There are 2 protein chains.
Amino acid sequence: MPTREHPSNLSNRRSRRPTAAERREEILSEGLRCFAARGFNGTTTRRIAESVGITEAALYRYFRSKESLYSAIVARKIETPLLFDRAEDAARRRDDTAVFTALASGVLKGGTADPEFLRLLFFTALESHELAAPLFASHVDPLREFVTDYVRMRIAEGAFRPIDPLLGARAFLGMIRDYLNVRIVHGESEAYPQSLDEVVATFVDLFLTGVRADPR
Amino acid sequence: MPTREHPSNLSNRRSRRPTAAERREEILSEGLRCFAARGFNGTTTRRIAESVGITEAALYRYFRSKESLYSAIVARKIETPLLFDRAEDAARRRDDTAVFTALASGVLKGGTADPEFLRLLFFTALESHELAAPLFASHVDPLREFVTDYVRMRIAEGAFRPIDPLLGARAFLGMIRDYLNVRIVHGESEAYPQSLDEVVATFVDLFLTGVRADPR
DNA sequence: TTTTCTATTTAGTAAATACTTACTAATCTG
DNA sequence: CAGATTAGTAAGTATTTACTAAATAGAAAA
């Protein structure tokens, strides 16, 4: 049996051993893949180590427990800022269509581009991990608050009908998130004939027609 | 240590040993509780047996494997028919408000009354159990198809605007299901000031105002 | 080269887990 | 009641799992 790390590993480029920082990244990234696929309880440290290409013992030099690795992965997601600059710009201009299009588009495209995040979010919530609350506080609540505030403001300005702003926000975000959930959690198996832009346009149109005080 | 099954168990009523059928039910019901709380991988056969009040060996007389117990629990949910008679009645009368109110109310009240089902649904999908597809086919797809068909019909009749019927259905169901998910999966911790009826009324109003060809 | 330091592996351990075997207590039937 | 059957338990087994101590390979510095 040849040595595991064959010197001419992939062409004849020298296969340098990764630095500690690089290795840590590899572990975080593979860990995310595994945990997102099977959850905390469904993932073994052995499996993570294998998919990184190291032994469990090596993994434990970087993280002192499975739990702390999981926390590091979730914590990094928590730190990743949730941006909605374009929606904020549009909000200042009172461009309702642009506001909700930017939000819907951001959530849908972000979610389909990074399905692992969504699955991790669900597993973390379902498995009642202690970082579930911070994760929601950083990536779910701000969006709802932004939409709620915007709806409240537009009602005050007479542009939207006087509904409960929180329920309005939940309605709009619900359409988008549920669409995403069905696609990501239920798997890509089903057919999704529409492009994401069509989906966004339809949801925004439906919602705005529904809330506007003066329907055209 | 006294014998486990103390003769005067709960007052002095004779505590009969449950029949096999009764015991099976107990196991299914406790199994559901455990699996819904912690998922398949997070639940041990020992824990299930303990919460039934028997040993693991006894459990294995009823189900030949943990997997087959899980399947029996999910299969029973699959067999439970999904009813929406009231919505169908209302659909025949073309009473849009009644149709969507019945659907929203049914989903929301069913979901809050039986949160275990929702959690089991999510765990089954996330953990990629083989019965996930049948479960969705029996309890998710029919609802979507019903709404899609109704929206298509109302568009053809000129009552609704010409949107994509499937997206219309997803939008409406999305509002409702996401509201439920946040409440059930994220936990009851958050405050939900509105009664379910208020929530239903707002969502139905928003949606119908959004899709109607002739907004009042 | 030799030394030093770190990354990694080999080879474990103790506890947990799904499942089983050998036996016993409870209930039913004639 | 005797005999048969069913429901249950105590005490395992084999394997997996999270985690660790000690030896070793790899790179950089002296």
Side-chain angles (χ1 to χ4, degrees), chain A residues 1-9 13-31 34-35 37-73 127 129-130, chain B residues 1-10 13-31 34-35 37-73 127 129:
Chain A
M1 210 184 288
T3 53
R4 183 178 294 246
E5 292 289 306
H6 201 276
S8 63
N9 188 13
R13 215 187 86 191
R14 201 94 169 89
S15 109
R16 199 175 48 77
R17 188 171 68 182
T19 67
E22 284 167 348
R23 190 63 101 189
R24 214 185 123 91
E25 284 304 308
E26 283 186 74
I27 295 171
L28 286 169
S29 140
E30 285 303 311
C34 293
F35 286 131
R38 293 168 232 280
F40 183 81
N41 291 311
T43 301
T44 65
T45 52
R46 168 185 267 275
R47 183 176 200 112
I48 298 170
E50 263 174 16
S51 47
V52 173
I54 56 176
T55 62
E56 284 184 84
L59 192 155
Y60 274 86
R61 268 192 70 82
Y62 293 90
F63 298 94
R64 67 178 202 294
S65 67
K66 180 186 175 186
E67 168 66 31
S68 82
L69 168 57
Y70 190 83
S71 291
I73 289 168
E127 290 178 330
H129 193 274
E130 54 179 350
Chain B
M1 211 185 287
T3 52
R4 182 178 297 245
E5 291 290 308
H6 201 276
S8 62
N9 188 12
L10 261 181
R13 218 188 84 193
R14 202 97 170 87
S15 110
R16 199 177 49 75
R17 186 176 68 184
T19 67
E22 285 167 348
R23 192 61 102 187
R24 215 187 121 91
E25 284 305 308
E26 284 186 72
I27 295 171
L28 286 170
S29 139
E30 285 302 312
C34 294
F35 286 131
R38 294 167 231 282
F40 183 82
N41 292 310
T43 301
T44 66
T45 52
R46 168 185 268 274
R47 184 177 200 111
I48 297 171
E50 263 174 16
S51 48
V52 172
I54 56 175
T55 62
E56 285 184 82
L59 194 153
Y60 275 87
R61 281 185 62 87
Y62 292 90
F63 299 94
R64 67 181 203 294
S65 66
K66 180 186 175 186
E67 168 65 33
S68 84
L69 167 58
Y70 191 85
S71 293
I73 289 168
E127 290 178 329
H129 193 273

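Predicted, not measured: the structure shown is a model, and the values here were computed from it. Just so we're on the same page: letters track the sequence lines, and every chain starts at 1. Note: hydrogens, waters and symmetry copies are ignored here, and every other heavy atom, side chains too, is used.
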*Asks:* In whole Å, I'd like the distance from the CZ atom of R46(B) to the C1' atom of dT20(C).
*Replies:* 15 Å
*Asks:* Round to the nearest Å and state the distance from R23(A) atom CZ to dA25(D) atom P.
*Replies:* 17 Å
*Asks:* Could you tell me whether the phosphate oxygens of dT17(C), OP1 or OP2, come under 4.0 Å of any side-chain nitrogen or oxygen in R47(B)?
*Replies:* no
*Asks:* Please enumerate all residues that pass side chain to side chain contact (heavy atoms under 4.5 Å, CB included) together with A58(B), with sequence neighbours excluded.
*Replies:* I54(B), T55(B)
*Asks:* With sequence neighbours left out, what residues match E127(A) under side chain to side chain contact (heavy atoms under 4.5 Å, CB included)?
*Replies:* F40(A), N41(A), Y70(A), F123(A), F123(B)
*Asks:* For residues 38-53 of chain B, which residue pairs qualify under salt bridge (charged side-chain N to carboxylate O under 4.0 Å, His left out), counting only residues two or more places apart or in two chains?
*Replies:* R46(B)-E50(B)
*Asks:* Once you round it to whole Å, what is the distance between P of dT21(C) and CD of E56(B)?
*Replies:* 15 Å
*Asks:* What is the distance from CD of E22(B) to C1' of dT27(C), rounded to the nearest Å?
*Replies:* 13 Å
*Asks:* Can you list the residues that meet the side chain to side chain donor-acceptor pair (under 3.5 Å) rule with T45(A), with sequence neighbours excluded?
*Replies:* E56(A)
*Asks:* Mind checking what makes side chain to side chain contact (heavy atoms under 4.5 Å, CB included) contact with Y62(A), not counting sequence neighbours?
*Replies:* A20(A), R23(A), R24(A), I27(A)
*Asks:* Output the rounded distance in Å from CG (L69(B)) to C1' (dT17(C)).
*Replies:* 15 Å
*Asks:* Let me know the distance between CD1 of I27(B) and P of dG8(D), rounded to the nearest Å.
*Replies:* 8 Å
*Asks:* Let me see the working for F35(B) and E30(B) under side chain to side chain contact (heavy atoms under 4.5 Å, CB included), right down to the final yes or no.
*Replies:* CA-CA 9 Å; F35(B) 286 131; E30(B) 285 302 312; over 6 Å; no
*Asks:* Write down the protein N/O and nucleotide N/O pairs, taken from nucleotides 14-16 of chain D, whose separation is under 3.5 Å; answer none if there are no such pairs.
*Replies:*
none

*Asks:* By side chain to side chain contact (heavy atoms under 4.5 Å, CB included), which residues pair with S71(A), not counting sequence neighbours?
*Replies:* E67(A), H129(A), L131(A)
*Asks:* Counting only side-chain heavy atoms from C-beta out, which of dT9(D), dT9(C), dA18(C) sits nearest to T55(B)?
*Replies:* dT9(D)
*Asks:* Checking all strands, does T43(A) fall into the base, sugar-phosphate, or nothing category for heavy-atom contacts under 4.0 angstrom?
*Replies:* sugar-phosphate
*Asks:* Using a cut-off of less than 4.0 Å, is there contact between a side-chain N or O of T45(A) and OP1 or OP2 of dT17(D)?
*Replies:* no
*Asks:* Kindly indicate whether the side chain of L59(B), heavy atoms from C-beta on, has any atom under 4.5 Å from the side chain of V52(B).
*Replies:* no
*Asks:* Using a heavy-atom distance cut-off of less than 4.0 Å, which residues of residues 58-67 of chain B contact DNA chain C?
*Replies:* Y60(B), S65(B), K66(B)
*Asks:* Whole angstroms only, please: what is the CD1-C1' distance between I54(B) and dA25(C)?
*Replies:* 15 Å
*Asks:* Name all residues meeting the ring-ring contact (aromatic ring centres under 6.0 Å, His included) criterion together with F63(B); count only those two or more places apart in sequence or in a different chain, and write none if there are none.
*Replies:* none
*Asks:* Let me know, please, whether A21(B) or A57(B) comes out on the 5' side of the other along DNA chain D by nearest nucleotide.
*Replies:* A21(B)
